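Notes follow the structure.
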Amino acid sequence: IYKLKDQVINSLKERDQLKLYCDLELPLASILAKMEQNGIRLDISTIRKMEEEVQEKLDDLTLRIYKLANKEFNINSYAQVAEVLYDDLNLPAHKKRSTAADYLEEIASFHPIVNLILDYRKYAKLQGTYIKGLQNFVHGDGKIHTIYNQFLTQTGRLSSKEPNLQNITIRDDEQRMVRKAFLPSNENSYLLSIDYSQIELRVLAHMADATSLINAFNNDEDIHLQTAMKIFDIENKDDVTSLQRRQAKAVNFGIIYGISDWGLAEQLGVSVSKAKDFINKYFATFPEIKTYLDKAVSDCEKNGYVKTLFNRIRYVKEINDPNYTVREFGKRVAMNAPIQGTAADIIKKAMLDIDKLLNDKNYQTKMLLQIHDELVFEVPENELMEVIPLICETMENAASLKVRLKVDYGYGKNWYDAK
DNA sequence: TTGCTCACG
DNA sequence: ACGTACGTGAGCAAG
Ligand SMILES: [Mg+2]
């Protein structure tokens with residue numbers, strides 16, 4: 001190990017990654033350890049109450065599904081669900097008789113059992129993973145102590161396991177209630193959640209030096225609305241429909257994922273030629289982004305890897321693969337990894353700066369969770385109004401880009417209310 | 001152990 | 001003609 005040290009340090013130097021290692025990842029390791037040891041309190045009585053209510057829903061749905069199917073079967077079994085839908089009831093099946101929600105939604109109008117199964121799935125997920133599942137991870141101190149993996153993902157993000165606290169439900173109003181069970185560890189404290197606004201699109205605007213996108217962000221515009229106005233040629237904000245805004249939002253996501261006309265068409269449920277129009281219009285509006293993404297791909301083809309702003313490297317062996325599909329995947333990775341990875345670099349830097357801030361000023365505020373673009377803190381009431389602007393400012397200044405970084409925050413007596 | 005599904009950013 | 005959006009983890013059924 002001692003001999004290896006010099007070799008490793010040398011290869012980090014050659015790659016210009018010494019700073020990334022010594023000043024970012026290494027100090028972050030002990031911060032993550034502290035976060036894991038702190039843990040977050042889960043209120044068992046709240047979650048038990050939810051368990052009973054959800055079980056009633058599941059029992060009721062089960063009976064109604066059996067009745068419509070004219071038989072009893074295991075609704076948790078995809079094979080048995082497929083048999084009921086595609087054989088017994090003769091509903092139209094997609095490729096490989098998939099029963100994934102995207103496909104079931106398309107046939108929901110043909111038979112009432114379909115929505116009941118979708119509903120059942122929703123509550124079963126809630127019950128299994130988030131209500132019963134989480135309880136199994138509560139330690140003797142009444143807290144959940146997740147495990148962060150600092151060096152697993154291909155992009156530089158963290159991952160979280162046992163349990164995963166980076167995928168706690170939020171999008172569905174009922175499933176979101178799980179967050180009411182996450183509490184600060186004492187009566188005097190609040191949970192404070194601060195998240196970056198559109199950090200990946202801002203990173204893209206910076207890296208591509210896309211003037212009009214940078215200006216839109218610096219003027220604090222609604223970026224999906226602005227995108228809609230430009231790709232649909234709309235002059236007045238008020239004339240943008242919610243559908244057009246949603247479509248523009250999907251285009252923005254697509255850009256970050258490494259856009260393809262087929263993928264966008266699939267996502268939006270429009271024709272491929274329509275999707276192609278959207279993309280062409282987008283690139284005509286933001287020509288620097290087209291230039292940047294093309295260069296990301298061609299650099300990757302030449303070097304076999306891509307880099308983040310902080311010099312994190314992702315090797316992309318797929319980029320020169322003889323197989324078309326694999327190669328196309330390599331191109332999307334080449335476009336996405338620098339963006340997702342730079343955003344990960346920035347929040348890691350923010351975590352170091354915040355840790356130093358809290359230590360230097362002897363605050364009792366504790367950082368508990370990281371969810372990719374969001375940090376969750378436990379804050380004593382008497383520190384709350386003082387630390388909010390300090391932490392927000394620290395996050396916004398964690399990196400100085402051509403575009404301003406912006407955060408939003410919320411706090412409350414539980415995670416649900418910290419919005 | 002593997003594949004499917006679904007939860008998050 | 002090819003054929004999928006990027007990054008993860010967990011629970012369940014089936015072999
Ligand atoms: Mg956000």
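Residue numbers start from 1 in every chain, and the chains themselves are labelled A, B, ... in the order their sequence lines are given, proteins ahead of strands. None of these values were measured; they are calculated from a predicted model.
If you measure from atom CD of A/Gln370 to atom P of C/dT8, you get 14 Å, rounded to the nearest angstrom. Per the geometry, CG belonging to A/Asp261 stands 10 Å off C1' belonging to C/dT4, to the nearest Å. Following rounding to the nearest Å, A/Phe73 (CZ) and C/dA13 (C1') show an atom-to-atom distance of 14 Å. In this structure, A/Tyr257 atom OH and C/dT8 atom P are separated by 13 Å, rounded to whole Å. If you measure from atom CD of A/Glu318 to atom P of C/dT4, you get 15 Å, rounded to the nearest angstrom. Protein atom CD1 of A/Ile339 is 18 Å distant from nucleotide atom P of C/dA5, rounded to whole Å. Between the P atom of C/dG15 and the OH atom of A/Tyr78 lies a distance of 15 Å, rounded to the nearest Å. Following rounding to the nearest Å, A/His372 (NE2) and C/dG9 (P) show an atom-to-atom distance of 9 Å.
Residue contacts for A/Glu162: at a heavy-atom cut-off of 4.0 Å it reaches the sugar-phosphate backbone alone, with no base atom in range. Using a 4.0 Å heavy-atom criterion, one finds that A/Ile168 contacts the sugar-phosphate atoms exclusively. If you check every strand for non-hydrogen atoms under 4.0 Å, A/Ala250 touches a base. Counting non-hydrogen atoms under 4.0 angstrom, A/Glu200 reaches nothing in the nucleic acid. At a threshold of 4.0 angstrom between heavy atoms, the contacts of A/Ile256 with the nucleic acid are absent. Using a 4.0 Å heavy-atom criterion, one finds that A/Asp195 contacts no nucleic acid atom at all. The residue A/Glu328 sits apart from the nucleic acid: no heavy atom pair falls under 4.0 Å. Counting any heavy atom pair closer than 4.0 Å across all strands shown, A/Arg176 reaches no nucleic acid atom. Among the atoms of the strands shown, none is found under 4.0 Å from any heavy atom of A/Gly258. At the heavy-atom level, A/Ser159 lies under 4.0 Å from the strands shown only through sugar-phosphate atoms. Note on A/Asn167: a base of the nucleic acid sits closer than 4.0 angstrom, heavy atoms only.
The partner of B/dT2, taking Watson-Crick or G-U wobble pairs whose two distances both stay under 3.5 Å, is C/dA13. Pair assignment for C/dC2 gives none, since no Watson-Crick or G-U wobble pairing has each distance under 3.5 Å.
Ring-plane geometry between A/Tyr409 and A/Tyr411 is classed as parallel, the angle between the planes falling under 30 degrees on a 0 to 90 degree scale with a further cut at 60.
Nucleotides of DNA chain C nearest to A/Leu264 and A/Ser160 differ in position, and the one nearer the 5' end is that of A/Leu264.
B/dA7 and C/dG3 have their C1' atoms separated by 27 Å, with the value rounded to a whole Å. Using atom P as the reference point in both C/dT4 and B/dC4, the two lie 13 Å apart (nearest Å).
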A/Glu52 and A/Lys57: CA distance, side-chain angles, deciding distance, salt bridge (Lys or Arg N to Asp or Glu O under 4.0 Å) verdict: CA-CA 9 Å; A/Glu52 285 179 27; A/Lys57 293 256 192 193; over 6 Å; no

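Residue A/Arg332 places no side-chain N or O under 4.0 Å from the OP1 or OP2 atom of C/dA5. Contact annotation: A/Asn76 reaches the phosphate of C/dA13 (side-chain N/O to OP1 or OP2, under 4.0 Å). Here A/Asn336 does not reach the OP1 or OP2 of C/dA5: none of its side-chain N or O atoms lies under 4.0 Å away. At least one side-chain nitrogen or oxygen of A/Ser77 sits closer than 4.0 Å to the OP1 or OP2 atom of C/dA14. Remark: A/Arg157 is not in phosphate contact with C/dC6, judged by side-chain N or O atoms under 4.0 Å from OP1 or OP2.
One finds no salt bridge joining A/Asp43 and A/Lys180 here, because no Lys/Arg side-chain nitrogen approaches an Asp/Glu carboxylate oxygen to under 4.0 Å. A/Asp233 has a carboxylate O that lies under 4.0 Å from a charged side-chain N of A/Lys281, or vice versa, which qualifies the two as a salt bridge.
Along DNA chain B, the stretch of nucleotides lying under 4.0 Å from any heavy atom of chain A spans, 5' to 3', B/dC4 to B/dG9.
Checking side-chain atoms of A/Glu221 against main-chain N and O of A/Ile223 turns up no donor-acceptor pair under 3.5 Å. A donor-acceptor pair under 3.5 Å is formed between the side chain of A/Gln80 and the backbone N or O of A/Asn74. Side chain of A/Asp355 to backbone of A/Met351: no donor-acceptor contact under 3.5 angstrom is found. In this structure a side-chain-to-backbone donor-acceptor pair under 3.5 Å is present from A/Tyr196 to A/Met395.
No option in A/Thr308, A/Thr155, A/Val203 other than A/Thr308 meets the side-chain contact (heavy atoms from CB on, under 4.5 Å) test with A/Asp345.
No cation-pi contact links A/Arg332 to A/Tyr257, judged by a cut-off of 6.0 Å to the six-membered ring centre and 45° from its axis. The side-chain tip of A/Lys413 points at the ring of A/Tyr190 from less than 6.0 angstrom away and within 45° of straight on.
In summary, the aromatic rings of A/Phe286 and A/Tyr282 are positioned with their centroids under 6.0 Å apart.
The stretch residues 120-154 of chain A comes close to DNA chain B through A/Arg121, A/Lys125, A/Tyr130, each having a heavy atom under 4.0 Å from the strand.
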